[in-house]
Amino acid sequence: MDRQPVHIFPAPTNGPAAKILVSGCLNGPPIRYNQTNVAVESPVWDRWAAEGRLVPFCAELAAGMLIPRRPAEILGGDGTNVRSGTGTVVEDTGADITDQFVEGAQLAVAEAVRRGCVAAVLTDGSPSCGSTYIYDGSFSCATKAGTGVVAQMLIDNGIRVFSETELDVADEFIQHLES
Ligand code: SF4
């Protein structure tokens with residue numbers, strides 16, 4: 001099914017500042033699986049917002065998932081394995097929802113490319129947006145190092161990915177690109 005990207009906020013006006021794809025739940029509406037968002041309190045974020053850099057996007061909503069929704073974790077590795085077909089994304093019910101996660105990731109990459117994003121700042125821990133860690137597939141709150149499907153697909157398409165705890169590093173990266 002051909003789905004269009006979901007825009008959670010009005011798109012900022014185009015300007016010279018490099019765009020950054022950001023998880024829609026970061027300082028956004030309560031769109032996570034458990035109907036919450038993730039607060040980010042940072043002068044870097046505030047400056048990016050004022051500069052019109054932020055491109056909020058939620059891959060799971062774009063793929064048609066609902067709010068709230070069942071928790072999901074990756075089995076058999078991380079986003080790399082999902083991309084290669086050796087890993088799956090499952091709900092806590094055991095239902096395989098890999099195809100929806102891959103579709104959402106493809107839409108995220110398409111949006112990043114369409115908007116000219118040079119980097120992404122994504123919510124860590126998510127089976128979609130995690131970039132330094134994800135949950136280990138046991139639904140026991142245990143984590144492991146690894147990427148979610150969106151983060152890995154962005155990386156594989158040449159877009160630098162940072163977590164919401166790496167804003168200073170991301171800002172240095174952006175400033176270096178623009179210097
Ligand atoms: S898919 Fe990403 S943007 Fe959407 S709710 Fe999950 S962490 Fe947030």
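Each ligand, and each atom within it, is numbered from 1 in the order the structure gives. This chain uses plain numbering: 1 for the first residue, then up along the sequence.
Under 4.0 Å from ligand 1, heavy atoms of Ser23 appear from its side chain as well as its backbone.
Residues Thr147 and Asp78 have side chains that bring a donor and an acceptor to within less than 3.5 angstrom of each other. Side-chain N/O atoms of Thr80 and Gln152 include a donor and acceptor closer than 3.5 Å.
Under the 4.0 angstrom criterion for non-hydrogen atoms, Phe57 is in contact with ligand 1.
The shortest contact between atom 2 (Fe) of ligand 1 and any protein heavy atom is with Cys129 SG, 2.4 Å.
Using a 4.0 Å cut-off between charged nitrogen and carboxylate oxygen, Glu178 and Arg53 count as a salt-bridge pair.
The distance from ligand 1 to the heavy atoms of Gly24 drops below 4.0 Å at these ligand atoms: 3 (S). Ligand 1 places these atoms under 4.0 Å from at least one heavy atom of Ser126: 6 (Fe), 7 (S).
The only option from Asp171, Ile174, Ile159, Val55 that meets the side-chain contact (heavy atoms from CB on, under 4.5 Å) definition with Ile20 turns out to be Ile174. Applying side-chain contact (heavy atoms from CB on, under 4.5 Å) to Ser23 and the options Leu122, Asn37, Ile31 leaves one that passes, Leu122.
Figure legend: cation-pi geometry between Arg70 and Tyr33 absent, as NZ or CZ is not positioned both under 6.0 Å from the six-membered ring centre and within 45° of its axis.
In summary, no N, O or S atom of Cys58 is located under 2.8 Å from atom 2 (Fe) of ligand 1. Checking Cys25 against atom 8 (Fe) of ligand 1, an N/O/S atom falls under the 2.8 Å cut-off.
Nearest-heavy-atom check against atom 5 (S) of ligand 1 across Arg69, Gln35, Met65, Glu60 picks out Arg69.
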